[in-house]
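Side chains included, hydrogens not; waters and symmetry mates left out as well; all remaining heavy atoms used. A note on names: the letters A, B, ... follow the listed sequences, proteins ahead of strands, and every chain is numbered from 1.
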Amino acid sequence: MTSANPESDENRYDFHALERRWQPVWAETQPFKAGGADDARPTKYVLDMFPYPSGDLHMGHAEAYALGDVISRYWIQRGFNVLHPIGWDSFGLPAENAAIKNNTDPRVWTEANIAQQRASMERYACSFDWDRVLATHRPEYYHWNQWIFTRMYERGLAYRKPSLVNWCPKDQTVLANEQVVQGLCERCDTPVTKKKLTQWYFKVTEYADRLLDDLDGLEGTWPSKVIAMQRNWINRSHGADVVFSIEGRDEPISIYTTRPDTLCGATFMVVAADSDLASELAADADDATRQAFDTYVAAVKGATDIDRMSTERPKTGVFLGRYATNPVNGERLPIWASDYVLADYGHGAIMAVPAHDQRDLDFARAMELPVRTVVDVKDEEGNSLPDPAESWIATGGDGLVVNSGEFDGLAKTEAIAAVVAKLNADGVGSETTNYRLRDWLISRQRYWGTPIPIVHCDKCGEVPVPDDQLPVELPPTEGLDLKPKGKSPLAAATDWVNTTCPKCSAPALRDTDTMDTFVDSSWYFLRYLSPNKTDGPFDPAEAARWAPVDQYVGGVTHAILHLLYARFFTKALNDMGYVDFEEPFLALLNQGMVQMDGSAMSKSRGNIVRLSEQLDEYGVDAVRLTMAFAGPPEDDIDWADVSPSGSAKFLARAWRLARDVTSEPGTDPASGDVSLRAHTHKTLAECAELVEGFRFNVVVARTMELVNVTRKAIDSGAGPADPAVREAAEVVAILLSMFAPYCSEDMWSMLGHDNVAHAGYPEVDPELLVEETVTCVVQVKGKVRDRLEVDPNVGEDALRELALASDVIKRALDGAELRTVIVRAPKLVNIVPM
RNA sequence: GCCCCCGUAGCCCAAUUGGCAGAGGCAGCCGACUUAAAAUCGGCACAGUGCGGGUUCAAGUCCCGCCGGGGGCACCA
């Protein structure tokens with residue numbers, strides 16, 4: 001028997017040979033270029049999260065791209081015009097740190113890594129459109145970061161303000177809230193401190209409601225976990241602002257509360273110790289108070305977030321010697337400063353209702369302040385809960401209002417409405433909404449990022465760089481000290497910094513901060529649509545054709561940050577009229593992580609599995625197949641639990657099917673073995689559904705089954721010349737094209753065809769799915785007692801008679817009277833005796 | 001503390017969404033082929049679904065309560 005494949009050993013599956021054979025072919029044919037505007041096929045935009053160019057690919061990449069490829073290759077087979085691009089998220093600290101360490105230019109390091117990673121991806125046979133590659137560190141890309149920034153600025157969505165910011169003392173840079181994890185710098189695990197700086201922000205909070213409400217529309221196509229995390233992060237709360245007048249101060253103070261019904265239970269007020277308000281109130285107090293306050297604030301500011309967040313931390317604070325007046329009952333409330341109130345949430349001040357808020361109660365206990373119950377909360381038996389003043393357990397539940405004058409006797413919702421109505425009438429308060437979400441701090445004091453396109457002019461103030469002068473390119477690194485020092489390295493690039501005001505032409509200075517790299521990744525999916533466009537970020541016609549992304553694939557690590565920001569950008573661009581959709585990613589698949597021996601791979605654990613070694617040993621196809629077969633995509637894979645060698649063995653087995661087929665290409669399968677054909681078509685039908693449900697592991701299992709059945713047909717059934725065997729082998733090749741491109745291409749070639757990736761998903765013949773007989777289970781009291789082979793269209797009554805006529809069943813029933821007989825034709829009958 | 005997800009053979013995982021617990025694989029064992037081994041082929045065994053209740057003719061699947069594992073949020077007023 002001769003093989004159609006001249007380069008490989010005709011009887012051995014040699015994955016090295018297959019890789020050597022097909023890689024240059026694909027490099028030449030570029031099979032995954034997306035079709036142009038004249039392509040009549042329906043479009044599908046499949047996007048993998050783009051990588052940071054860290055050098056070689058690792059196991060995590062291998063999983064992500066294997067899974068993304070299944071989806072992209074599937075839709076191509078289904079006749080879609082698929083856009084599946086790739087690029088690099090290439091600004092950021094590692095390049096800068098490498099540059100500092102080796103005293104090189106980060107551009108050189110970055111481009112070298114990109115080249116290396118691209119080669120790895122090509123070997124890995126990723127189905128990318130290589131004509132659309134982008135890298136965010138290139139001026140052709142970040143030009144449009146600056147353009148979008150300018151548009152944001154024009155709409156008031158980009159602004160500068162001084163505030164206390166998260167500061168990483170090691171990286172010497174500002175961090176967004178999202179980059180602070182458990183009080184530590186996300187990147188280097190250094191405890192984060194606070195620093196007052198003037199920084200650039202994007203006004204995400206303006207979109208808080210839409211970012212939250214539009215999550216409803218993603219229900220079902222995004223992982224519920226991610227939706228929950230985003231909801232949690234935005235954390236909208238409904239409540240009321242209440243205005244308290246302050247003795248000895250003209251301006252009153254507003255506080256925010258979600259429980260206006262407990263207003264009469266307020267026994268003191270607390271302002272955030274690190275707020276301007278606290279300093280101002282303390283400034284007018286007596287010397288002793290002022291001193292105590294200064295000492296306290298110094299301690300608070302010195303504390304890291306780690307200290308702040310430690311649970312069971314005792315409440316601390318200072319009495320400011322000042323008093324506020326409760327707007328509903330006129331009571332005089334002492335004002336305290338404490339760090340348990342946050343300066344940047346609500347108004348940085350609260351009314352403390354110790355009876356019904358545990359934090360306030362803890363504080364009241366520590367400072368010996370009064371506690372007054374204003375809601376009578378009952379337990380399950382209807383008894384009032386113990387008095388918080390004695391139990392030191394705040395009662396947060398629902399109940400009737402007491403000790404509140406005119407509001408007594410009202411239930412929670414009525415009481416809230418009544419109090420808010422009164423506040424409104426008296427002009428001392430109103431309903432409000434608050435969010436945990438803060439504005440997005442985008443400026444960084446680092447070199448390797450997009451320069452903020454603003455010029456600071458003594459006369460004109462902040463002036464955006466006009467569009468026709470963009471991009472503002474990063475100056476060369478020569479002569480710059482890139483080491484972190486709390487000030488942007490760009491400030492030292494004198495020639496670059498000194499410029500003229502675009503408005504008045506007077507000497508002026510460039511803004512020296514660079515943008516957070518999350519800006520880069522907030523819109524890159526749009527740039528892919530027209531990556532070489534020079535007069536705009538993307539072509540609106542191409543956006544209309546492709547966007548939004550139909551299927552996004554990536555790690556759950558970006559569940560909050562990246563996805564929230566990209567959603568924000570999309571909504572902002574929509575408002576500006578640049579895109580006609582409001583959500584960037586219609587569906588999201590989060591793949592799990594690859595672990596080893598039960599934990600994440602890390603150098604310190606010494607449990608790193610090197611992808612290149614796995615590829616050398618088992619081949620690209622086997623590694624890809626293993627990634628897909630290991631389990632549901634969102635589950636973590638423990639490499640110790642899976643078997644790439646098993647995958648390689650299976651692929652060899654599949655490959656041999658194609659080798660053994662002896663019928664001619666194009667043979668009509670109609671005359672082939674019916675039971676094999678039925679199995680083939682059943683597999684086809686099932687696998688389509690499974691892929692669309694991301695059940696890739698099951699697809700692989702079904703393909704294995706089909707391979708087993710076909711093997712049997714060749715060896716001890718229909719034989720290698722049967723047309724059904726050819727049909728089955730071809731279907732195996734097509735199914736495998738999603739997982740094991742080299743093997744399937746070689747099979748396809750042996751079967752006498754070209755280009756398996758575009759073979760098309762074969763039509764399922766519905767007649768072959770109809771089974772001639774079905775096994776019907778007959779139960780007695782839920783226990784299986786007999787099986788009957790029946791017509792799939794058997795009627796209920798007929799089936800009942802058949803079941804009752806069975807000898808086994810008769811014996812089991814032993815003449816007992818029947819209570820009921822449940823018939824689920826054609827698969828089940830359950831007989832229940834009295 | 002609050003919220004979410006998951007517990008099925010020694011292991012990774014299926015189970016038509018309430019209808020025969022087992023599809024696929026790993027590891028194991030037996031056999032065929034072989035001088036032998038590898039490779040290949042054929043076959044075998046293994047759990048009653050974390051535990052306890054409940055609903056139902058019928059529960060891995062639905063409900064309640066525990067146990068175990070994982071994740072998210074955490075002074076957000």
Side-chain angles (χ1 to χ4, degrees), chain A residues 11-13 182 223-237 239 255-259 262 266 270 272 308-313 315 338-342 344-353 356-360 362-363 434-438 556 559-560 592 598 625-626 629-632 634-647 649-650 652-653 656 686 689-690 695 697-708 711-712 715-716 775-787 818-824 827-833:
Chain A
N11 280 309
R12 279 277 306 278
Y13 168 75
Q182 302 278 302
S224 47
K225 186 174 153 187
V226 174
I227 293 177
M229 283 163 78
Q230 295 230 345
R231 288 204 176 113
N232 214 333
W233 189 262
I234 297 167
N235 192 25
R236 176 166 60 195
S237 80
I255 61 95
Y256 172 72
T257 178
T258 53
R259 295 294 303 276
T262 64
V270 187
R308 255 191 102 126
M309 292 193 325
S310 66
T311 46
E312 307 302 312
R313 184 164 156 269
K315 292 278 183 286
S338 174
D339 64 353
Y340 87 90
V341 171
L342 306 179
D344 59 352
Y345 184 78
H347 302 282
I350 61 151
M351 68 173 194
V353 185
H356 306 296
D357 182 294
Q358 191 62 47
R359 297 156 299 182
D360 296 342
D362 293 343
F363 192 81
N434 253 304
Y435 307 88
R436 200 190 85 111
L437 180 73
R438 308 296 147 89
V556 73
I560 300 173
L625 188 81
T626 302
F629 185 50
E634 57 277 7
D635 287 5
D636 291 341
I637 298 173
D638 195 318
W639 204 247
D641 289 338
V642 296
S643 171
S645 67
S647 299
K649 251 157 66 176
F650 161 70
R653 206 168 138 77
R656 286 194 300 268
E686 209 177 344
E689 213 170 290
L690 288 167
R695 319 260 321 273
N697 53 328
V698 188
V699 176
V700 174
R702 294 287 174 265
T703 309
M704 289 173 166
E705 218 178 333
L706 181 58
V707 167
N708 291 344
R711 181 81 258 157
K712 213 166 264 182
D715 290 348
S716 53
T775 307
C776 175
V777 175
V778 186
Q779 301 175 330
V780 175
K781 272 185 88 176
K783 281 194 179 141
V784 182
R785 287 296 155 86
D786 197 11
R787 285 148 216 271
L818 302 185
R819 192 161 76 175
T820 178
V821 179
I822 284 127
V823 183
R824 292 284 176 275
K827 306 204 71 166
L828 180 131
V829 177
N830 188 9
I831 301 163
V832 188

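At a cut-off of 3.5 angstrom, the base of B:rC20 holds no donor-acceptor pair with the side chain of A:Lys827. Between the base of B:rC73 and the side chain of A:Asn232 there is no donor-acceptor pair shorter than 3.5 Å. Judged by distance alone, with hydrogens and angles left aside, A:Arg259 brings no side-chain donor or acceptor close enough to the base of B:rA77 to form a pair under 3.5 Å.
Nucleotide B:rG7 forms a Watson-Crick or G-U wobble pair with B:rC67, both donor-acceptor distances falling under 3.5 Å. The partner of B:rG28, taking Watson-Crick or G-U wobble pairs whose two distances both stay under 3.5 Å, is B:rC44.
For the residue pair A:Arg436 and A:Asn232, no side-chain donor N or O sits within less than 3.5 Å of a side-chain acceptor on the partner.
Heavy atoms of A:Val784 sit under 4.0 angstrom from primed sugar atoms or phosphate atoms, though from no base atom. A:Phe650 comes within 4.0 angstrom of no nucleic acid atom, judged by non-hydrogen atoms across all strands. Using a 4.0 Å heavy-atom distance criterion, A:Arg653 is classed as a sugar-phosphate-only contact. Using a 4.0 Å heavy-atom distance criterion, A:Glu686 is classed as making no nucleic acid contact. Using a 4.0 Å heavy-atom criterion, one finds that A:Ala630 contacts the sugar-phosphate atoms exclusively. Using a 4.0 Å heavy-atom distance criterion, A:Asn434 is classed as making no nucleic acid contact.
Taking atom P on both nucleotides, B:rA32 is separated from B:rC13 by 36 Å, rounded to a whole Å. Taking atom C1' on both B:rC12 and B:rG72, the two are 26 Å apart, rounded to the nearest angstrom.
Taking atom CG on A:Leu828 and atom P on B:rA15, their separation rounds to 20 Å, with Å as the unit. In this structure, A:Ile822 atom CD1 and B:rG18 atom C1' are separated by 12 Å, rounded to whole Å. For A:Lys649 and B:rC41, the NZ to P distance is 9 Å, given to the nearest whole Å.
Ring planes of A:Tyr340 and A:Phe363: tilted class, angle from 30 to 60°.
Look at A:Arg656 and you'll find a side-chain N or O under 4.0 angstrom from OP1 or OP2 of B:rC41. The side chain of A:Asn697 contributes no N or O atom lying less than 4.0 Å from OP1 or OP2 of B:rA23.
If you find the closest nucleotide of RNA chain B to A:Ala701 and to A:Gly346, the one lying nearer the 5' end belongs to A:Ala701. Of the two residues contacting RNA chain B, namely A:Asp357 and A:Leu690, the nearest-nucleotide position lying further toward the 5' end is that of A:Leu690.
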